Amino acid sequence: DVKVTQSSRYLVKRTGEKVFLECVQDMDHENMFWYRQDPGLGLRLIYFSYDVKMKEKGDIPEGYSVSREKKERFSLILESASTNQTSMYLCASSSPAGTVYNEQFFGPGTRLTVL
Amino acid sequence: QKEVEQNSGPLSVPEGAIASLNCTYSDRGSQSFFWYRQYSGKSPELIMFIYSNGDKEDGRFTAQLNKASQYVSLLIRDSQPSDSATYLCAVMNTGNQFYFGTGTSLTVIP
């Protein structure tokens, strides 16, 4: 079974703090993704990565950065957390485009609250 | 225009009925289509995928794809209260970009 794990299920941080969210997958997937999900807005892509040390901006990258030093691990960094970054953060991984089964597998999510 | 559009609902059906969930997409060349189920407070889980025009059945679930109309649907037969969730449609377009709809909330009434 594909397993995607995230470092925390719930996190509470203060405005201005640096926040690290970590994601690890065990299926040797090339692609990894970070989304945030807010009521009425659906899933919005923050960043994605097709390979180690590679990153691409998604639809809403402002205020976030990412790091992918190892194939199995993809980290999301909030350099200076703000209250409008309170959200559910979801990590996903998939095999490369063009493969037969390239659906995205999701981690359990991290609910981040910024006070 | 959004890449993927779904009616947000809520959709309510009685137990045992057929629930019909619909999704349209904008990129005519899209090749891969997915349905995810998301329970409240949980992450999305894949329930069906379809690549070819027509129907694909898996137990009580049937995915239907009509590429000419740019339309994909999910039918849930014999709906159960445990099917109550938000259903997300996802499409991989010609640029190999993955897009999700905002989801349709389904409630199955016992």
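By convention in this document, chain letters (A, B, ...) are assigned in the order of the sequence lines, proteins followed by strands, and residues within each chain are numbered from 1. On a predicted model such as this, the values are computed, not experimentally measured, just so you know.
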Given the rule that I, L, V, M, F, W and Y join up when any side-chain heavy atoms are under 4.5 Å apart, are F48(A) and M92(B) in one cluster? yes
Honestly, the part of Y50(A) sitting under 4.5 Å from a heavy atom of chain B is side chain
dist F100(B):CZ -> L45(A):CG (nearest 0.5 Å) comes out at 9.5 Å
In this structure, would L43(A) and Y47(A) fall into the same cluster of hydrophobic residues linked by side-chain contacts under 4.5 Å? no
Part of R44(A) lying under 4.5 Å from any heavy atom of chain B: neither
Heavy-atom cut-off 4.5 Å, strictly under: side chain, backbone, both or neither for F33(A) against chain B? neither
Can you confirm whether Q104(A) sits close enough to F98(B) that some side-chain heavy atom of one is under 4.5 Å from a side-chain heavy atom of the other? yes
Mind checking whether F105(A) and L76(A) sit in one hydrophobic cluster, side chains of I, L, V, M, F, W, Y counted as touching below 4.5 Å? no
Would the number of heavy atoms belonging to other residues, nucleotides or ligands and lying under 6.0 Å from CD1 of I18(B) be above 12? no
When you group the ILVMFWY residues by side-chain heavy-atom contacts below 4.5 Å and let the links chain together, are L106(B) and I47(B) in the same group? yes
Neighbours of chain A found in residues 58-71 of chain B - heavy atoms under 4.5 Å: none
M32(A), Y99(B): one ILVMFWY side-chain cluster at the under-4.5 Å cut-off? no
Residues of residues 35-44 of chain B near chain A, each having a heavy atom less than 4.5 Å away: Y36(B), Q38(B), G41(B), S43(B), P44(B)
Distance col, row L41(A):CG vs T102(B):OG1, nearest 0.5 angstrom, shows 9.0 Å
Give, as side chain, backbone, both or neither, the part of Q37(A) having an atom under 4.5 angstrom from any heavy atom of chain B. side chain
